[in-house]
Amino acid sequence: MPITYEHIKTCKQTGARLGRVHTPHGTFETPMFMPVGTMATVKTMSPEDLKAMDAQIILSNTYHLWLRPGQDIIEEAGGLHTFMNWDKPILTDSGGFQVFSLSDLRKIEEEGVHFRNHLSGEKLFLSPEKAMQIQHSLGSDIMMAFDECPPYPADYSYMRQSVERTSRWAERCLSEHHQSGKSSIQGLFGIIQGGEYEELRKQSAKDLTSLDFPGYAVGGLSVGEPKDVMNRVLEFTTPLMPADKPRYLMGVGSPDSLIDGVIRGIDMFDCVLPTRIARNGTCMTSEGRLVVRNAKFARDFRPLDENCDCHVCRTYSRAYIRHLIKCEETFGFRLTTYHNLYFLLQLMKKVRQAIMEDRLQDFRDEFFESYGFNKE
Ligand SMILES: Nc1cc(CSc2ncc[nH]2)c2nc(N)[nH]c(=O)c2c1
Ligand SMILES: [Zn+2]
């Protein structure tokens, strides 16, 4: 069993859990945020930067790495860990989501998805089996099943057919995985779909938990739905997921959504938000978002966040970082990215501490107050 979950405790104030996930490349604590490294790099960060901020697992992407540089090159390099010099856990998404969000001319069939390479325009085909073969070549510790993430909103009949196909695809992923001979060194997570429909979430969870995955993700969220819809879907979906396995909410990373996801029983999160907004000069701070490129910071020599003890906040001023961002200096993007990732990793550390002390609801209220979220 290459991926195992160790439950440590459940918060008495909420349904939040404290745990650890053991993988062939080491253990990470949960709840945990996973920085995204789509092209085999967390943009502008070195592996040393990631270790300095205590990143314990990162994400990469089957679709992108298949197109560029190609799975054969990474396999020849000895796998993704060696290729990118990251010796801790790596989770790879299966590629289905990226096909829908990046390429046009796509056609979904039972066999798989036909689409155009968004870089070259050539026609390509991705199937559950192909997605598994690519992830086996990458050597990721945690692979994701090949799924369809329907757009939001989607009508019930479309969603039902999509859920049934995603369940059949999950079964094909699992048999490909077992035939690969890699199932002792790589783990495969199933992805629960079903949109905002409780009946379909139940169907998807029933189908997937009847197959023995070492962990399960909630897919189909953070696709434009309002936050209260996401929270409602989590409230009736996480109880359908095994309590003795990790629960991963895909694509979620704003501070309020992370805390609200943990309270509803989620253990793992990923999102491109912190790294993406960093590159346009937006920073997450304990007092809310700060757009450091704003003229009002031209002579502001305070740190990005006066409550942050990261290397950036202990060393550089808002004025200097604003200047670098305005000049499109790469170093500026490194500073905002480092701080944003550190901020979210620290937030999850504080969340784990609050669960240990059975006061996560109190922590949520204090954090929402200071960050400027409305407390509902
Ligand atoms: N919101 C959202 C985000 C992602 C990308 S997660 C990711 N990949 C690379 C970086 N991050 C999803 N991926 C899959 N496979 N299924 C989903 O339903 C889904 C939903
Ligand atoms: Zn900082």
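Order of appearance sets the numbers: ligands from 1, and atoms from 1 within every ligand. The chain is numbered in sequence order, starting from 1.
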Would you say ligand 1 has an N or O under 3.5 Å from any N or O of [X]?
X	answer
Leu59	no
Gln193	yes
Ser60	no

Have a look at ligand 1 and work out which part of [X], if any, has a heavy atom under 4.0 Å from it: side chain, backbone, both or neither.
X	answer
Asp147	side chain
Val272	neither
Met144	neither

Salt bridge [X]-[Y], side-chain N to carboxylate O under 4.0 Å:
X	Y	result
Arg322	Asp300	no
Asp256	Arg364	no
Arg17	Asp267	yes
Glu110	Arg165	no

ask   = Gly220: heavy atom below 4.0 Å from ligand 1, yes or no?
value =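 It does, in that a heavy atom of Gly220 comes within the 4.0 Å cut-off of ligand 1.
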task = Just give me the atom name: the N, O or S atom of His339 closest to the Zn ion (ligand 2).
result =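 Atom name returned: ND1.
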ask   = Looking at Ile192 and Thr237, what are the two nearest heavy atoms and their distance?
value =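 Nearest pair, atom of Ile192 first, then Thr237: CG2-CG2, 4.2 Å.
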inquiry  = Which label fits Tyr316 and His311: parallel for a plane angle under 30°, tilted from 30 to 60°, or perpendicular past 60°?
reply    =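 Rings of Tyr316 and His311: perpendicular, over 60°.
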